[in-house]
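A short write-up of the structure that comes next.
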Amino acid sequence: MENFIGLISFLVLMIAGYLFGSYAERKHYKSILQREEQYRNVVLMALRLPRVSHVEHTQLVSGSVVISVDYFKRFLASLRMLVGGRLNSYESLLDRARREAILRMQKQASDMNASSVYNIKFETSSISKGQKDRVGSIEVLAYGTAIVGK
Amino acid sequence: MTDDQEPMPSQNPVIPEGINAVRENPFKELLLLTTGIAVALVIVSLVLWQSLSWGAKFIPLSWEMRISDSIAQQFEDTSEQSMMLQARLDHILQAMEYDGKVPLQVHYVDDDLVNAFATIGGHIFVFRGLMDILQTDIGLDMVLAHEAAHILNRDPIQSLAGAVGVQLVVALITGNGDFGQMNGIIDMGNQLMFLTYSREQERVADAMALDALASLYDDLTGADELFVWFAQDDNDAPEFLSSHPLPDARIEAIRNRLSQ
């Protein structure tokens with residue numbers, strides 16, 4: 001009986017994780033693509049020193065995202081960890097997080113009429129570090145120097 | 001800013017999708033991984049089960065007793081039935097030419113269950129329910145000889161070792177194994193009662209039992225008494241049948257032997 005309840009709750013969590021997770025992912029990618037188009041003119045540069053003249057002022061801009069993995073993805077990853085290979089289920093999650101962090105940074109830059117952001121860096125940190133049986137969540141932080149021209 | 005540098009881009013490039021994250025149906029991956037891992041798991045379990053069962057026969061019977069003694073103590077009794085059964089068993093063991101280095105003990109269990117089983121450490125348990133059914137001496141001796149044959153063939157420890165191996169694999173994979181349990185086999189009391197044997201092990205034990213009975217009785221008629229009862233009354237059988245399958249086939253084997 002105990003095993004049966006365990007199996008049912010596992011299936012419910014898997015199905016819920018898959019349905020909500022894939023719905024959220026589709027919706028998020030749609031939004032990401034649309035906003036990337038919107039902020040395409042806020043130029044992102046990894047260079048440390050700006051190559052623009054007439055700089056009015058510069059300012060630190062940042063975008064931060066905290067994401068959590070769903071049950072389905074976590075189970076898939078735990079199976080994958082037995083045999084090795086690409087963790088596809090986590091890759092899409094982190095891809096979304098990085099792009100979302102950049103978009104939030106771009107929005108901040110755009111709000112102050114900046115034309116570009118230089119010296120972009122990423123930070124990633126795990127929030128549920130090393131805790132067994134906890135759903136993993138991580139933060140992705142993107143930051144850079146916004147250049148506001150005249 | 002110097003003139004030889006390329007001009008500053010006016011907008012961000014469109015980066016193609018599907019490089020950092022592959023967009024494919026995760027169900028495909030789930031299916032592939034689960035089947036692959038399940039197959040590997042079954043193979044590892046089988047290998048471990050087979051090799052442990054094979055290797056277990058090299059464990060001396062006296063070592064088995066150390067594991068089982070604490071359980072057997074609970075059943076220690078000096079009732080009339082136990083003494084009677086023990087006397088019969090000793091008689092049968094003589095017929096089997098057992099060297100007697102490790103004593104085999106039989107315990108009477110006051111319970112309705114129609115069952116008798118042999119477990120590790122040379123212990124045989126006979127339930128009241130079974131004794132009530134068996135009317136003849138030879139019927140009871142057949143059961144005792146059959147269980148004694150299991151012990152002499154080292155079937156209980158082989159069955160247990162195989163089961164422990166499979167449990168180990170399952171515990172390793174699911175990650176919630178209680179490895180303390182591996183030390184305290186005592187926790188597996190249930191398992192010691194319901195060790196299962198292969199058909200081959202049952203066949204060999206039947207044959208050994210009949211050999212022993214042949215030297216004790218002039219006529220083997222009635223040795224199949226218990227199996228006949230099970231074949232008639234299969235409502236009551238499941239628990240016993242789970243460890244002693246196919247009564248019909250075994251009656252036939254015994255009858256063949258009788259007709260020789």
Side-chain angles (χ1 to χ4, degrees), chain A residues 6 14-15 17-18 21-22 25-26 29 32-33 36-45 47 49-55 70 72-73 75-99 102-103 106 115-118 120 132-133 147 149, chain B residues 1-48 163 166-181 187-188 190-191 194:
Chain A
M14 282 288 278
I15 292 167
Y18 175 72
S22 59
E25 183 156 301
R26 267 202 312 278
Y29 264 121
I32 285 173
L33 289 172
E36 277 179 350
E37 200 52 51
Q38 181 186 343
Y39 295 122
R40 200 163 289 289
N41 292 326
V42 181
V43 179
L44 302 168
M45 300 295 282
L47 292 175
L49 297 171
R51 283 166 32 192
V52 284
S53 44
H54 317 301
V55 175
D70 63 60
F72 180 84
K73 280 179 191 271
F75 180 75
L76 206 54
S78 69
L79 288 181
R80 177 55 81 186
M81 283 172 197
L82 291 174
V83 293
R86 276 181 81 161
L87 284 173
N88 282 336
S89 64
Y90 282 2
E91 279 182 348
S92 66
L93 204 67
L94 283 161
D95 183 51
R96 280 159 59 197
R98 276 191 304 268
R99 287 163 81 167
I102 285 186
L103 282 168
Q106 277 178 307
S115 58
S116 56
V117 182
Y118 272 75
I120 293 172
K132 204 186 171 219
D133 290 337
I147 311 285
Chain B
M1 183 176 155
T2 52
D3 290 337
D4 58 348
Q5 282 176 322
E6 57 189 281
M8 156 98 182
S10 63
Q11 53 175 218
N12 295 311
V14 179
I15 297 163
E17 298 292 321
I19 294 175
N20 287 329
V22 182
R23 302 283 287 279
E24 65 172 25
N25 195 341
F27 265 121
K28 204 174 118 195
E29 196 185 352
L30 181 70
L31 206 68
L32 205 70
L33 282 173
T34 41
T35 41
I37 289 168
V39 167
L41 200 74
V42 167
I43 291 172
V44 170
S45 302
L46 275 175
V47 168
L48 209 62
V166 172
Q167 279 185 349
L168 186 70
V169 173
V170 172
L172 278 175
I173 294 297
T174 58
N176 49 19
D178 180 3
F179 289 100
Q181 211 181 33
D187 294 345
M188 302 193 281
N190 257 339
Q191 210 169 341
F194 298 107

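- Atom CD in B:Glu29 sits 4.0 Å away from atom CG in A:Leu76 (nearest 0.5 Å).
- Closest non-hydrogen pair, B:Leu33 versus A:Val83, comes out as CD2-CG2, 3.6 Å.
- For chain B, the nearby part of A:Leu33 is the side chain; its heavy atoms alone come within less than 4.5 Å.
- You'll find the side chain of A:Tyr39 stays beyond 4.5 Å of the side chain of B:Asn12, heavy atoms only.
- Proximity to chain B (any heavy atom under 4.5 Å) is shown, for A:Arg86, by both the backbone and the side chain.
- For the pair B:Ile15 and A:Glu36, the minimum side-chain heavy-atom distance is 4.5 Å or more.
- When all heavy atoms of A:Asn41 and B:Gln11 are compared, the closest pair comes out as OD1-NE2, 3.2 Å.
- Residue A:Tyr18 touches chain B through its side chain alone, counting heavy-atom pairs closer than 4.5 Å.
- Residues A:Leu79 and B:Ile37 share a closest heavy-atom pair of O-CD1, 3.6 Å.
- Contact annotation for B:Ile19: only backbone heavy atoms (N, CA, C, O) come within less than 4.5 Å of a heavy atom of chain A.
- For A:Ser92 against B:Ala21, the heavy-atom pair with the smallest separation is CA-CB, 3.5 Å.
- With a 4.5 angstrom heavy-atom cutoff, A:Arg26 does not touch chain B via any of its atoms.
- Contacts of A:Asp95 with chain B are made by side-chain atoms alone, with heavy-atom separations under 4.5 Å and no backbone atom involved.
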